[in-house]
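Have a look at the structure below before the remarks.
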Amino acid sequence: MTRSQAADRLAAIPIRVPGTLDAKMAGPVEAFFVRHRDRLVWLHAVMFLFFLAVIFLPLFLPEAPENATALNNFTRFANYAMWGLWFPLVFISVIFTGRSWCGLLCPMGAASEWANKKGLQRPIPAWVRWEGTPIISFLLITILGQTVGVRDHPEAVAEVFGGTLLLAIALGFVYGRNKRAWCRHMCPIGLLLGVFSRIGAVQFAPKRKKAGGDRFTEKGVCPTMIDIPRKEESRHCIECFRCVNPQSQGGLYLRLRQPGEEIAQIRRHHPNPYEVLFLFLGTGIALGGFLWLVLPQYQQLRQAVGSWFIERDWYWIGESGPWWLMSVHPERREVFNWLDFSMIVGFMLAVMVLLSLVLSLTTGLSAWLAGRLGADRGLASRFVELGYQYAPVAMVSLVLGLGGELFSPLTRLGLSAEMVGLVKGGLFTLGLLWSLYLGRRILSNQGLQGARLWLPLLPGVIGSIAVGLAWWPAVFGI
Ligand code: SF4
Ligand code: SF4
């Protein structure tokens, strides 16, 4: 075949509809990143140095004065960069650009891959590949973050983020061959971004799709081990552009899509029970991690449990444990003891179990009702599909609850607390409505139309409202 024949054939592949936003924007963006992908390594190097500075430099600086701000003190700046900017913005960016953070900017994933090139390149063992591994990793890191006070203490930031970085490098050094085993199988942030990337406006889709469904493969160029021609889901794609070549007839191409499309059509995008489990557990543990800080009932419970121990002369409960397990910072008037540690862990786990039960119940009821009204497939498949409807409301809650500092500049710009509350309320309502819309689309794809849709949709409404009410103290204050 001549070059021009190949070009003609390529032009005939109907990957973009001329005149659409997808054709106008995705083509140039794709060409830009393909042209510059070899230079990403420099961006990663700069990000790596910045990351090291943010997590380690505050350890060597004097204590920040009470009235210091992010504009005149590096420790405060590092804290705001981490929790006021990075955390909420990365999650918001997923809606617009998918996991672009992972492929284009994240220094941790890049360091892990670099270590892999120099390392032992052993086969990835089954315990790493197990789908539950990143869930456990997420839960452990989230709980540890709370007990050591990762949002308040530079030492805790260094421990949690520095430790995660070390693990990412060590795992990369030992396992995989030119891959990112850490990013696919163990990164707690990657798992969260992966779930939410399914609602993103960006997709990397095969130009020539092979049948057979999404598969894991250690062969090929993909660092997160996606079988490229069979790719169906967005969650493992870190948007590195390595499989994209505009001149080629194979590989993937960048496609813009309606946000939420993948979840609305989840049955065609490899739905996964572990992912739904994570969506429920992850939302619950994050909620627990916030609520213990603000609920007066938590303090009352702590008091009661502490008294119970003291009455039995078990005084060890009031002693502090090791610094790497709990916050021990007398200089900042925060010293946790074993009572605090066990109460925080127990409370977070209890909230996680409770919220997961509520969401499982509402999802199960939806799936069951849908079946009674004539929806297709089995109860388990319908359950998994419907579980994804909570993704938008869970994401908005996480951003508003844990990334609340993003909104603090609004008050400095002169907006009253009520106005900021209104902004947050508006965003939350959007998340709620989006979840309901997706629930409706999923049910419709299960074969329910018209009036038969509304009854199975109702438990989903209750589930979304339950998530919203649970996050209420975080979003609007108590
Ligand atoms: S998966 Fe984790 S380590 Fe990998 S690139 Fe994404 S955030 Fe970074
Ligand atoms: S599918 Fe392509 S763009 Fe996505 S991670 Fe794999 S190689 Fe990179």
Side-chain angles (χ1 to χ4, degrees), residues 14-17 20-23 26 94-99 193-215 226-237 239 252-279 363 366-367 369-371 373-396 430-450 452-454 456-457 459-461 463-464:
I15 55 172
R16 294 199 179 102
V17 181
T20 58
L21 187 68
D22 181 33
V94 172
I95 300 181
F96 301 100
T97 62
R99 287 179 70 176
L193 295 180
V195 179
F196 295 135
S197 71
R198 285 191 183 267
I199 54 180
V202 161
Q203 177 193 14
F204 283 66
K207 285 178 187 160
R208 292 176 182 279
K209 191 162 179 299
K210 276 194 191 162
D214 217 284
R215 278 192 210 159
I226 296 167
D227 190 351
I228 286 165
R230 293 192 171 84
K231 180 174 179 290
E232 287 182 344
E233 57 179 338
S234 297
R235 67 181 174 129
H236 298 302
C237 177
E239 304 189 0
L252 304 189
Y253 73 102
L254 177 68
R255 175 178 169 255
L256 297 185
R257 61 185 179 182
Q258 201 183 0
E261 181 190 294
E262 185 167 328
I263 287 187
Q265 303 286 344
I266 192 67
R267 59 176 47 197
R268 293 206 269 119
H269 295 281
H270 204 233
N272 181 309
Y274 281 96
E275 207 180 4
V276 171
L277 178 70
F278 169 68
L279 193 60
T363 310
S366 279
L369 284 169
L373 289 164
D376 63 3
R377 299 200 173 169
L379 181 69
S381 300
R382 291 197 302 272
F383 180 96
V384 172
E385 289 179 9
L386 284 162
Y388 283 95
Q389 70 181 302
Y390 299 112
V393 75
M395 192 179 94
V396 172
L430 278 181
L432 187 83
L433 292 176
W434 197 1
S435 275
L436 299 187
Y437 169 75
L438 291 180
R440 193 176 171 281
R441 291 282 308 274
I442 294 169
L443 284 167
S444 154
N445 286 329
Q446 290 180 351
L448 298 185
Q449 304 296 336
R452 284 185 304 145
L453 260 168
W454 296 106
L457 191 61
V461 178
S464 294

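For this chain, numbers begin at 1 and follow the sequence in order.
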Next on the checklist: Under the criterion side-chain contact (heavy atoms from CB on, under 4.5 Å), I'd like the reasoning laid out for R268 against E262: C-alpha separation, chi angles, the key distance, then a yes or no.
Outcome noted: CA-CA 8 Å; R268 293 206 269 119; E262 185 167 328; over 6 Å; no
Next on the checklist: Test side-chain contact (heavy atoms from CB on, under 4.5 Å) on F196 and R99; report intermediate values, then the result.
Outcome noted: CA-CA 9 Å; F196 295 135; R99 287 179 70 176; over 6 Å; no
Checklist entry - P259 versus W434: any side-chain heavy-atom pair under 4.5 Å? => result yes
Checklist outcome for this item: Nearest heavy-atom approach of G431 to P392 is O-CB, 3.7 Å
Next on the checklist: A side-chain contact here means heavy atoms from C-beta on lying under 4.5 Å apart; do R198 and I266 qualify?
Outcome noted: yes
Checklist outcome for this item: Between A26 and L256 the two heavy atoms that sit nearest each other are CB-CG, 4.0 Å
Checklist entry - Between CD1 of I228 and NZ of K210, what distance do you get to the nearest 0.5 Å? => result 11.0 Å
Checklist entry - Residues two or more places apart in sequence or in another chain: which of them pass side-chain contact (heavy atoms from CB on, under 4.5 Å) with L430? => result none
Next on the checklist: For L448 versus A375, what's the shortest heavy-atom pair and its separation?
Outcome noted: CD2-N, 3.6 Å
Item to check | Separation of L252 CG from R208 CZ (nearest 0.5 Å) | outcome: 13.5 Å
Item to check | For R255, side-chain hydrogen bond (donor to acceptor under 3.5 Å, both in side chains) partners two or more places apart | outcome: Q203, E261
Checklist entry - Minimum heavy-atom separation for A391 to I199, with atom names? => result CB-CG2, 4.4 Å
Checklist entry - With sequence neighbours left out, what residues match Q446 under side-chain hydrogen bond (donor to acceptor under 3.5 Å, both in side chains)? => result E385
Next on the checklist: Could you work out, with side-chain hydrogen bond (donor to acceptor under 3.5 Å, both in side chains) as the rule, every residue matching H270, not counting sequence neighbours?
Outcome noted: E233
Checklist entry - Where is the tightest heavy-atom contact between S435 and Q389, given as atom of each residue plus distance? => result OG-O, 2.8 Å
Next on the checklist: Walk me through whether L436 and V461 qualify under side-chain contact (heavy atoms from CB on, under 4.5 Å).
Outcome noted: CA-CA 6 Å; L436 299 187; V461 178; 3.6 Å; yes
Next on the checklist: For Y388, give me all partners under ring pair (Phe, Tyr, Trp, His ring centres under 6.0 Å), at least two apart in sequence or on another chain.
Outcome noted: none
Next on the checklist: Taking CZ in R452 as the centre, count heavy atoms belonging to other residues, nucleotides or ligands within less than 6.0 Å. Is the count above 12?
Outcome noted: yes
Checklist outcome for this item: Of all heavy-atom pairs linking E239 and G98, the shortest is OE2-CA, 3.4 Å
Item to check | Set of residues satisfying side-chain hydrogen bond (donor to acceptor under 3.5 Å, both in side chains) with respect to S464, sequence neighbours excluded | outcome: none
Next on the checklist: Between Y390 and T363, is there a side-chain heavy-atom distance shorter than 4.5 Å?
Outcome noted: yes
Checklist entry - With R235, which of N272, D214, V195 fulfils side chain to side chain contact (heavy atoms under 4.5 Å, CB included)? => result N272
Next on the checklist: Do I263 and I442 have side chains that approach each other closer than 4.5 Å (heavy atoms only, starting at C-beta)?
Outcome noted: yes
Checklist entry - Which of these, L369, L386, L438, sits in a side chain to side chain contact (heavy atoms under 4.5 Å, CB included) with L443? => result L386
Checklist entry - Do the side chains of K231 and K209 get nearer than 4.5 Å, heavy atoms only? => result no
Next on the checklist: When you measure from the side chain of S444 to the backbone of Q449, do you find a donor-acceptor pair of N or O atoms at a distance under 3.5 Å?
Outcome noted: no
Checklist entry - Atom CG of L433 and atom OH of Y437: how far apart are they, to the nearest 0.5 Å? => result 12.5 Å
